[in-house]
Every structure is written in structure tokens, then in C-alpha cells.
Student: 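Take a look at the following structure, please.
Because the structure is a prediction, the values reported are computed rather than measured.
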2 protein chains.
Amino acid sequence: MAASCRFAFALHVLAVLAMHPGTGVTSKLLGASVNTHPVVIRRLISALRKAGFVCCASGAKGGATLCRPPEEISLDAIYQAIQPARAFAAHPQQPDAGCPVGRQIKTVLADVFSTAEQALHESLAQRTLADVVATMSEEVPSPLRTRPPRRAVRA
Amino acid sequence: MAASCRFAFALHVLAVLAMHPGTGVTSKLLGASVNTHPVVIRRLISALRKAGFVCCASGAKGGATLCRPPEEISLDAIYQAIQPARAFAAHPQQPDAGCPVGRQIKTVLADVFSTAEQALHESLAQRTLADVVATMSEEVPSPLRTRPPRRAVRA
DNA sequence: CGGATGTGTAACCGCGACAGTTACCGTCGT
DNA sequence: ACGACGGTAACTGTCGCGGTTACACATCCG
């Protein structure tokens with residue numbers, strides 16, 4: 001399947017932004033935290049910007065900022081903003097229409113694929129970015145935490 | 001994500017085998033129905049054989065045969081037999097341990113990923129190969145039908 | 001104003017996965 | 001023995017991705 005790490009990067013970036021509300025975070029800093037090239041971060045942020053999750057400021061003192069409350073950003077919304085392709089792929093060429101399976105397999109596959117993908121989306125939709133941030137604050141009560149932890153809304 | 005069509009091919013092949021119980025079906029025939037090269041079919045069948053779903057006969061009059069009842073083969077079992085990689089991928093490089101997100105993101109991601117993958121597997125596990133074959137038999141019962149009432153809605 | 005600091009995006013490279021293909025060997029029925 | 005068939009290795013072309021460089025544009029500050 002050759003899964004990409006876009007979703008992992010996106011969650012990482014958004015979690016950092018959620019922890020620095022109001023202040024713009026540069027792609028250089030984000031790239032250092034994720035351990036990748038700043039341009040990779042900017043490409044990712046470009047998709048997140050189109051989805052309306054972040055806003056960016058150009059020029060010096062610029063950077064990305066979360067422009068929606070983390071509670072309103074579900075992991076499914078992030079996934080759909082990031083992933084360009086479907087989770088499943090059908091036949092690249094048309095199957096043999098002379099075979100009963102070849103005639104009907106596409107319809108059956110479409111049903112199976114959409115059902116499975118919906119299950120995937122529903123699972124991701126049950127958590128928000130705020131949950132992710134809260135989980136990290138819980139697990140390591142480090143002195144870096146300045147604000148009191150938000151209510152944990154784990155299901 | 002760059003999904004492969006292995007799963008689609010596997011369902012197609014197993015459906016054909018389920019419709020020809022007992023008789024061996026050659027990779028040449030299966031390749032013609034799927035519209036791909038016989039070696040691609042044989043590679044796929046190699047994985048299905050290791051999973052115990054099909055047996056193959058060598059030599060002349062050889063071919064693949066379903067060696068378990070279709071009711072006992074869930075789509076999830078097929079998926080797991082075919083797919084070599086995970087549906088999600090984590091950071092390829094270690095994130096920055098100096099950042100609180102970088103330290104903990106992997107744990108959170110592992111939880112999110114496993115939950116979503118489990119939802120995917122449970123969705124696929126709810127259908128068996130027999131269901132797929134039955135669906136196809138229903139939708140086109142005989143050439144007496146004038147026109148199929150339903151059409152594929154996916155573009 | 002002009003340089004420093006950012007973003008935005010295009011272009012390219014290298015890598016890995018995949019489908020497709022060829023080739024060769026082993027196996028089995030006629 | 002011969003031909004049909006599976007099993008598998010090896011190679012090719014393509015595609016998507018992460019990584020990188022380069023450049024245009026925007027913004028702040030001295």
C-alpha cells in the first residue's frame with residue numbers, strides 16, 4: 001500500500017500549533033520538530049490552509065497559526081484534507097465483460113470499498129485535535145506546561 | 001496513499017474460484033478475466049496459498065482451487081493475506097526530543113493508527129467471500145432481465 | 001530604502017512500491 | 001518425450017513521495 005507519513009506530519013504540526021495559540025510558528029521550527037525539510041512542512045500547511053485549519057503570515061515575523069479551535073478539528077477532517085488518494089484502488093483496466101465476475105466485480109468492490117472507508121472515517125472522526133493535545137499533556141506532566149490542562153474528553 | 005489494486009484483484013480471483021468449485025482454474029483464464037498478466041495472478045495466488053485459501057495443481061490440467069468454503073473466508077482475512085504494509089505510516093525519522101510534541105507524538109499516533117486500522121478490519125470482517133458471490137448472483141440472475149435497475153454511482 | 005526573514009511554489013533528484021513482462025525451471029498428464 | 005501449467009527470479013516503466021534547491025513575493029526593522 002505504500003502509506004505516506006503525511007497524516008503523521010500533519011497531526012504533529014497541528015499539535016504544535018495548538019500548543020502555541022496566537023503566535024505564528026515558522027516552517028523552520030516546525031521542520032526541526034518533525035525532523036524534515038521546511039518546504040515539506042509548507043507543502044503540508046498549504047493543504048491545511050485550503051481546508052481552513054491554519055492561516056499563514058508572510059514575511060518576517062511570519063508563520064502559521066491555528067485559526068480554528070482544536071475542539072472543532074476532527075482527525076477525520078485532517079485526514080481528508082491531507083490524503084489525496086483513496087484508501088483502496090479498483091481494477092486499472094476494464095475486466096472481461098464476458099465473465100460474470102468481470103461484469104459485476106466493480107459494483108461489488110465499490111460497495112465494499114466505500115463501506116470500509118466510511119468505517120475508517122468514522123473512527124477518525126471520534127477524536128479531535130484537542131484530544132490529541134490533551135493526551136500528550138496528560139502523559140508527561142512536564143514543567144513546560146504553563147496552562148492548566150483542559151478537560152480530558154477521551155471516550 | 002497510492003493504494004494498490006491487489007485487494008481488488010484478489011477478490012476478483014477468489015470470486016471466480018468460488019464460482020467454479022472443485023475444478024482448477026488456470027492463471028491464464030484468471031488473467032483474462034481480470035485483464036492482467038497471468039504472472040500477476042500467480043503472484044497473488046502465491047499469497048493466498050500461504051494464507052490457506054487456495055490450493056494449486058501443477059502441470060497439465062493444473063490450476064487453482066478454493067480449498068476452504070467461501071463462508072469461512074472473510075474479506076478482512078483476504079485483506080491481511082494480501083496487504084504487506086500498514087494503512088498508516090509514522091515519522092520516518094525520529095522527531096525532535098527537545099519538543100514536547102516530538103517526544104510524545106509517536107505514542108499518540110500509534111494509538112490513533114491502531115484504532116483506525118481496527119475499525120477498518122472490523123468493517124471488512126463483516127463480509128465473507130460467500131456474501132460477495134451471492135451479491136453478484138442476485139444482481140444478474142439471468143439474461144432474461146431487461147436492464148439492471150441499479151448503476152454504479154461512483155465516477 | 002534595503003537587507004533580513006519568512007512564505008509559496010515550481011522543478012528536480014532518489015528511493016521504493018507496484019504492475020507488467022520475460023525467462024527459466026519443476027511438475028504433471030497424455 | 002512432449003506439451004501444458006505453476007513457481008519464481010529478474011528486469012522494466014511508471015508513479016507517488018520525501019528531500020532539496022531555487023526563485024519570486026511579502027513583511028518587518030534598522
Student: Write down the distance between CG (B:L30) and P (D:dC5), rounded to a whole number of angstrom.
Tutor: 12 Å
Student: Regarding A:R127 and A:T135, do their side chains bring together a donor and an acceptor under 3.5 Å, going by distance alone?
Tutor: no
Student: Tell me if a side-chain donor or acceptor on B:S123 pairs with a main-chain N or O of B:A119 at a distance below 3.5 Å.
Tutor: no
Student: With rounding to the nearest 0.5 Å, note down the distance linking CG in B:L14 to CG in B:L48.
Tutor: 5.0 Å
Student: Without decimals, in angstroms, what is the distance between B:F9 CZ and C:dC18 C1'?
Tutor: 11 Å
Student: I'd like to know if the side chain of B:Q126 pairs up with that of B:E122 as donor and acceptor (distance under 3.5 Å, no hydrogens or angles considered).
Tutor: no
Student: Think A:Q93 has a side-chain N or O under 4.0 angstrom from the OP1 or OP2 of C:dG20?
Tutor: yes
Student: If you check every side-chain atom of A:R6, which of D:dC17, C:dG20, C:dA19 has the closest atom?
Tutor: D:dC17
Student: Taking the side chain from B:R49 and the backbone from B:V54, do they hold a donor-acceptor pair closer than 3.5 Å?
Tutor: no
Student: Students often mix this up, so state it plainly: with edges at 30° and 60°, are the rings of B:Y79 and B:F7 parallel, tilted or perpendicular?
Tutor: perpendicular
Student: When the distance from CG of A:N35 to C1' of D:dG18 is rounded to whole Å, what number comes out?
Tutor: 12 Å
Student: Return the angle between end axes of the helix from C:dC1-D:dG30 to C:dT30-D:dA1, with five pairs used per end and rounding to 10°.
Tutor: 0°
Student: For a quick check, with a 4.0 angstrom heavy-atom cut-off, what is the B/S/- contact string for nucleotides 2-15 of chain C, read 5' to 3'?
Tutor: ---BBBBBBB----
Student: Starting at CD1 of B:I78, measure out to CG of B:L11 and round the result to the nearest 0.5 Å.
Tutor: 5.0 Å
Student: How many whole angstroms separate atom CD1 of B:I41 from atom C1' of D:dG7?
Tutor: 15 Å
Student: Grab the NE2-P distance between A:H37 and D:dC17 for me, whole Å please.
Tutor: 19 Å
Student: To the nearest 0.5 angstrom, please state how far the CG atom of B:N35 sits from the CD atom of A:Q94.
Tutor: 8.5 Å
Student: Tell me: CG of B:L29 to C1' of D:dA4, nearest whole Å?
Tutor: 13 Å
Student: Would you check if the side chain of A:D131 reaches a backbone N or O of A:T128 as a donor-acceptor pair within less than 3.5 Å?
Tutor: yes
